[in-house]
Amino acid sequence: MSIIKSFSVGNGDMFYIEHGSDNFTTIDCCYSTDLDNQEDIYTEINEKAKNKGITRFISTHPDDDHIRGLVDFCS
C-alpha cells in the first residue's frame, strides 16, 4: 500500500509518495530557511527514502517555490 503525505511550504504544498515497493517519489520541493518546519520535512523525507532503491523527483513546473532547495535535498 502506498502512503501519500503533503507538507505546507508557504505559498504551496510539497508531497511524497512512499510506494509499497522499492520506489519513493517527491513532488515539488520548497526547502527554505524561512520555513519553520524545514528541518522536520527534510529529516522525514530522507528517513522514508533512505532504504528505497528507486527515488524520483517530479516538478509540476519550474518556478522557484517548486524547486527551491532541491540541490541540498539531493546531495
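Reckoned from all heavy atoms, side chains included, excluding hydrogens, waters and symmetry mates.
- Within the 4.5 Å cutoff, no side-chain heavy atoms of Phe24 are placed close to those of Lys50.
- Note on Tyr16: it does not cluster hydrophobically with Ile27, by side-chain heavy-atom contacts below 4.5 Å among ILVMFWY residues.
- The shortest non-hydrogen separation linking Asp22 to Gly53 is OD1-N, 2.7 Å.
- Of the inter-residue distances, the one linking Lys48 atom NZ with Thr26 atom OG1 reads 12.5 Å to the nearest 0.5 angstrom.
- Between the CD1 atom of Ile45 and the SG atom of Cys29 there is a distance of 7.0 Å, given to the nearest 0.5 Å.
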Could you check Asn23 against Lys52 for side-chain contact (heavy atoms from CB on, under 4.5 Å), going step by step and ending with a plain yes or no?
CA-CA 6 Å; Asn23 295 280; Lys52 299 292 185 171; 6.0 Å; no

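- For the pair Glu44 and Lys5, the minimum side-chain heavy-atom distance is below 4.5 Å.
- Phe15 and Ile41 end up in different hydrophobic clusters when Ile, Leu, Val, Met, Phe, Trp and Tyr side chains are linked at under 4.5 Å.
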Assess whether side chain to side chain donor-acceptor pair (under 3.5 Å) is satisfied between Thr60 and Asp28, documenting all intermediate values.
CA-CA 6 Å; Thr60 57; Asp28 291 334; 2.9 Å; yes

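- Heavy atoms only, all atoms of each residue included: Gly20 and Ser2 are closest at N-OG, 3.7 Å.
- Within the 4.5 Å cutoff, side-chain heavy atoms of His19 are placed close to those of Thr25.
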